[in-house]
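I have placed the structure first, in the form of structure tokens, so that the comments after it can refer back to it.
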Amino acid sequence: MSARTKEVKEKLPAAPAPRPLIAVNADLVAPKNGAAFARLNIGYIDAIMAAGGLPLVLPPLRKDNLADIDALLDQCAGIVLTGGADMDPRRNGQPLTAVVNPMPARREEADRYLLAKIFERKLSVLGIGVGMQQLNVFAAGTLHLHLPTDNPKAMPHYDQTGAPHRHMVLIEEGTRLDDIYGTQELRVNSTHHQAVNQIGKRMRVAAKAPDGVIEAIESTDPNWFCVGVQWHPEAETASALDVQIFECFVQAAVRAADGVLAAA
């Protein structure tokens, strides 16, 4: 190496430490006219980056290609399950009604494959919106398919005009969510018309709205970061405290991944 080359290399800034890969599933938009496309709100990307992770987008692959996702999950410390349209209730023994807006079957198939792998691997996971509902249903829980119908006494959880809507949630004491937010009351954004009904096996309620509607769940396993929130901490309407849930998730994912590597 020449003296000049050595001098130039010494002046270069040190490369940043590698960020942990965080998988995030993309939505599927399938218009009646025109080509379908994968989509991911940029808020997820920015939130994961701000928390120290590097997002790896998982597209909704065709059913016969889903096993190829395994190699990507091997490289990831954790996964964020994103929001989207409703799960198809017929897959869970409930009727499809006019108020349900089911996601495309291809996305649901891809998400179900991911859920199986998440539970099998105990992969650190943060479920958001329908992502929380998917965690609960995969754990053998159930959903209210439409709050105004199934729970008429519930307060509004979305604005019918599409305008931003917010309400208070009450965090359960002694939960992981309590540790993350450090407060028992939190004001959150709210855009959902469905909600968790019966809690899944080995899951517990982490937060409720004042009307009793379940707003967050988590695994009862203290060694597994498996948290779902009904609100959207990645959105522009999120509170300043919502940054903490992504930071704690990424940190927990890194610790869990390092533990797996150390035990291998």
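A quick note: this is a predicted structure, and the numbers were derived from the prediction, not measured.
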So which of Arg176, Glu218, Arg255, Gln251 actually passes side chain to side chain contact (heavy atoms under 4.5 Å, CB included) with Phe225?
Arg176

Go through it in stages, so that I can follow the logic: the residues are Ile22 and Cys76, the test is side chain to side chain contact (heavy atoms under 4.5 Å, CB included), and I'd like the CA-CA distance, side-chain angles, deciding distance and then a yes or no.
CA-CA 5 Å; Ile22 302 296; Cys76 294; over 6 Å; no

Would you find a donor on one side and an acceptor on the other, under 3.5 Å apart, between the side chain of Asn92 and the backbone of Gln94?
no

How close do Gly83 and Val130 get, heavy atom to heavy atom, and via which atoms?
C-CG1, 3.7 Å

Do the side chains of Phe246 and Val57 join up, straight or via other hydrophobic residues, at under 4.5 Å, putting them in one cluster?
yes

Would a hydrophobic clustering, with Ile, Leu, Val, Met, Phe, Trp and Tyr connected at side-chain separations under 4.5 Å, put Leu126 with Tyr181?
yes

Electrostatic pair Asp221-Arg202, nearest N-O below 4.0 angstrom:
no

Find out if a path of hydrophobic residues (ILVMFWY) with successive side-chain heavy-atom gaps under 4.5 Å connects Phe138 to Ile79.
yes

Gly52 versus Pro20, closest heavy-atom pair with distance
O-CD, 3.3 Å

Steps toward side chain to side chain contact (heavy atoms under 4.5 Å, CB included) verdict (Ile118, Leu81):
CA-CA 10 Å; Ile118 289 166; Leu81 292 176; 4.0 Å; yes

Taking a hydrophobic cluster as the set of Ile, Leu, Val, Met, Phe, Trp and Tyr residues connected by side-chain heavy atoms closer than 4.5 Å, whether directly or through intermediates, do Val213 and Ile171 fall within one such cluster?
no

Pair Asp70, Tyr113: side-chain N/O donor-acceptor within cut-off below 3.5 Å:
yes

Kindly say whether Pro164 contributes a backbone atom to a donor-acceptor pair with the side chain of Thr237 at under 3.5 angstrom?
no

Pro210 and Leu170 have their tightest heavy-atom pair at CA-CD1, 4.3 Å

Answer yes or no: is there a side-chain heavy-atom contact under 4.5 Å between Pro55 and Val24?
yes

Do His157 and His167 have ring centres separated by under 6.0 Å?
yes

Between Asn65 (side chain) and Leu61 (backbone), is there a donor-acceptor pair under 3.5 Å?
no

Keeping the roles fixed (side chain from Asn25, backbone from Thr82), state whether a donor-acceptor pair exists under 3.5 Å.
yes

Can His193 and Asp86 be counted as having a side-chain donor-acceptor contact under 3.5 angstrom?
yes

Pair Asp150-Asn197, side-chain donor/acceptor within less than 3.5 Å
no

Drop me the distance from Leu143's CG to Met87's CE, to the nearest 0.5 angstrom.
6.5 Å

Inspect the contact between Asp74 and Arg121 and indicate whether a charged nitrogen and a carboxylate oxygen are less than 4.0 angstrom apart.
yes

Option among Leu73, Leu123, Leu66 that satisfies the side chain to side chain contact (heavy atoms under 4.5 Å, CB included) test with Leu114
Leu73

Applying side chain to side chain contact (heavy atoms under 4.5 Å, CB included), run through Trp231 and Leu186 and close with a yes or a no.
CA-CA 11 Å; Trp231 61 91; Leu186 182 69; 4.0 Å; yes

Any side-chain donor near an acceptor of the partner, Gln230 and Gln133, under 3.5 Å
yes

Under the 3.5 angstrom rule, does the side chain of Arg19 hit a backbone N or O of Met49 as a donor-acceptor pair?
yes

Scan side-chain atoms only and decide if Thr161 and Asp159 contain a donor-acceptor pair under the 3.5 Å cut-off.
yes

If the plane angle is over 60° it's perpendicular, under 30° parallel, otherwise tilted; pick one for Tyr158 and His146.
tilted

Taking Leu40's backbone N and O only, do any of them form a donor-acceptor pair with Asp27's side chain (distance below 3.5 Å, no angle check)?
no

When you check the gap from the basic side-chain N to the acidic O, do Glu120 and Lys117 get nearer than 4.0 Å?
yes

Determine, stepwise, if the pair Tyr44 / Ile128 fulfils side chain to side chain contact (heavy atoms under 4.5 Å, CB included).
CA-CA 10 Å; Tyr44 294 107; Ile128 296 173; 3.8 Å; yes

Could you see if Val100 belongs to whatever hydrophobic cluster contains Val29? Use Ile, Leu, Val, Met, Phe, Trp, Tyr and a side-chain cutoff under 4.5 Å.
no

Would you check if the side chain of Gln184 reaches a backbone N or O of Glu173 as a donor-acceptor pair within less than 3.5 Å?
no

Taking atom CZ of Arg62 as the centre, does the number of heavy atoms from other residues, nucleotides or ligands within less than 6.0 Å exceed 12?
no

Between the side chains of Glu234 and Asn41, does any donor sit under 3.5 Å from an acceptor?
no

Is the closest side-chain donor-acceptor distance between Glu215 and His192 under 3.5 Å?
yes

Write down the atom of Pro59, the atom of Ile69, and the distance for their closest heavy-atom approach.
O-CD1, 4.5 Å

